[in-house]
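I have placed the structure first, in the form of structure tokens, so that the comments after it can refer back to it.
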Amino acid sequence: MSPPYTVNYESPYLIGLTGGIGSGKTTVARLFEQYGARIIDADEISRDLTMTNGAAIPAVLETFGKSYIDDTGGLNRKTMRELFFTHPDARKKLQGILHPMIFSQIQKQASLATSSPYTLIVAPLLFEAKGYRKWVQRTLVVDCPEALQIERTMRRSGLSELEVKQIMAQQMSRSKRLSLGDDRLENQTDRATLVSKVAALHRRYSALSAIRY
């Protein structure tokens with residue numbers, strides 16, 4: 001599926017991809033990758049930062065204490081998630097630790113030359129976190145009905161419906177997210193339809209990138 005690009009893009013065209021929990025961001029990003037896009041995933045970087053001996057662990061330990069570090073020396077995600085439900089401000093504290101580090105890593109990776117026609121920055125908090133919107137050239141929101149978000153998240157994570165709704169309540173609203181995005185990709189039907197939509201967007205983004213050269 002990947003086109004035979006040979007140009008070495010030293011200043012890549014940057015597209016921010018976001019969406020609510022369960023919207024299908026990862027699935028969509030993988031499809032773009034198959035078409036030749038370079039993918040930089042904020043969640044993957046976050047996991048690296050909070051794994052055993054991760055760069056963010058000392059700050060997490062200092063801010064939250066030993067109860068939020070697991071036996072391997074990484075972030076105890078279960079206890080942290082439970083804290084979020086009872087103390088919403090804890091999420092902001094963790095984001096305050098992680099997001100400057102995540103954004104720095106994303107910028108570093110994006111600065112590397114690439115043979116891909118454009119770079120897709122997958123960031124759940126694309127509109128909430130500072131820096132992204134002024135940095136990327138375009139934004140794409142992956143969207144689906146909230147009922148489908150809940151169903152997908154419950155199926156993949158084992159969380160209860162109440163827990164998923166609590167997570168969604170702490171995220172930006174669907175309507176506001178859609179109002180901020182340049183492009184919208186509906187992900188609520190069959191895979192063949194989704195593949196077709198991604199292919200069309202890939203052609204558009206490749207053309208926008210090529211305009212600069």
Side-chain angles (χ1 to χ4, degrees), residues 13-32 37 39-46 80-81 83-96 98-100 102-103 106 118-205 208:
Y13 192 78
L14 302 175
I15 300 163
L17 182 152
T18 194
I21 187 172
S23 61
K25 298 182 293 297
T26 300
T27 298
V28 169
R30 287 173 179 166
L31 290 174
F32 273 107
I39 307 299
I40 302 176
D41 192 323
D43 278 348
E44 290 184 3
I45 294 172
S46 178
M80 185 63 73
R81 185 169 60 243
L83 181 66
F84 290 166
F85 291 149
T86 56
H87 295 81
D89 61 313
R91 182 184 294 273
K92 293 182 180 180
K93 288 181 180 179
L94 183 62
Q95 290 172 353
L98 292 179
H99 287 300
I102 292 171
F103 189 51
I106 288 176
Y118 58 91
T119 295
L120 204 66
I121 310 296
V122 185
L125 299 182
L126 182 74
F127 298 133
E128 295 94 327
K130 294 181 179 179
Y132 290 104
R133 291 173 66 186
K134 293 182 179 180
W135 181 56
V136 300
Q137 279 79 45
R138 198 162 188 87
T139 58
L140 170 63
V141 177
V142 180
D143 182 58
C144 70
E146 292 182 351
L148 187 53
Q149 286 182 252
I150 294 169
E151 176 188 331
R152 286 172 174 168
T153 306
M154 289 174 62
R155 186 168 59 243
R156 80 177 186 210
S157 67
L159 295 174
S160 68
E161 181 177 354
L162 177 59
E163 288 173 323
V164 177
K165 287 182 176 180
Q166 287 176 322
I167 293 172
M168 290 173 63
Q170 295 177 4
Q171 294 184 334
M172 178 178 286
S173 69
R174 181 188 180 195
S175 59
K176 185 173 183 180
R177 189 183 301 115
L178 288 171
S179 73
L180 292 172
D182 295 311
D183 301 315
R184 173 181 180 179
L185 177 59
E186 295 185 4
N187 179 23
Q188 56 181 310
T189 54
D190 59 278
R191 184 175 176 83
T193 300
L194 181 63
V195 170
S196 177
K197 291 178 179 178
V198 171
L201 282 169
H202 168 72
R203 290 191 294 270
R204 183 182 183 189
Y205 293 153
L208 286 172

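Quick caveat, the model's predicted, so the values are computed rather than measured.
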Quick check: do Gln149 and Val164 have side-chain heavy atoms less than 4.5 Å from each other?
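The answer is no, as the side chains (C-beta and beyond) never meet within the 4.5 Å cut-off.
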Sub-4.5 Å side-chain heavy-atom contact between Leu159 and Arg81
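Counting from C-beta outward, Leu159 and Arg81 do come under 4.5 Å.
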Nearest 0.5 angstrom please: [X] [atom1] to [Y] [atom2], how far?
| X | Y | atom1 | atom2 | answer |
| --- | --- | --- | --- | --- |
| Ile102 | Ile40 | CD1 | CD1 | 13.0 Å |
| Met168 | Gln171 | CE | CD | 7.0 Å |
| Ser173 | Lys176 | OG | NZ | 7.0 Å |
| Lys92 | His87 | NZ | NE2 | 14.0 Å |
| Ser196 | Leu31 | OG | CG | 11.0 Å |
| Ile150 | Glu161 | CD1 | CD | 5.5 Å |

Between Arg204 and Asp183, is the salt bridge (charged side-chain N to carboxylate O under 4.0 Å, His left out) condition met? List the steps.
CA-CA 11 Å; Arg204 183 182 183 189; Asp183 301 315; 3.0 Å; yes
When you measure from the side chain of [X] to the backbone N and O of [Y], does any donor-acceptor pair fall under 3.5 Å?
| X | Y | result |
| --- | --- | --- |
| Thr86 | Leu83 | yes |
| Arg177 | Met172 | yes |
| Asn187 | Ser23 | yes |

In terms of heavy-atom contacts, does CZ of Arg156 have more than 12 from other residues, nucleotides or ligands at under 6.0 Å?
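Counting other residues, nucleotides and ligands, CZ of Arg156 exceeds 12 neighbours.
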Output, in order, the C-alpha distance, side-chain angles, deciding distance and verdict of side-chain contact (heavy atoms from CB on, under 4.5 Å) for Val122 and Phe32.
CA-CA 11 Å; Val122 185; Phe32 273 107; over 6 Å; no
For [X] and [Y], work out which heavy atoms get closest and say how close.
| X | Y | value |
| --- | --- | --- |
| Gln188 | Cys144 | CB-CB, 4.3 Å |
| Lys25 | Thr18 | CD-C, 3.7 Å |
| Ser157 | Thr153 | OG-O, 2.5 Å |

For Thr139, give me all partners under side chain to side chain donor-acceptor pair (under 3.5 Å), at least two apart in sequence or on another chain.
Asp182
Could you pull out every donor-acceptor pair under 3.5 Å between side chains of residues 123-133 and any protein atom, sequence neighbours left out?
none

Positive for side-chain contact (heavy atoms from CB on, under 4.5 Å) with Leu17, one of Leu185, Val142, Ile121, Ile39
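Filter result, single survivor: Val142.
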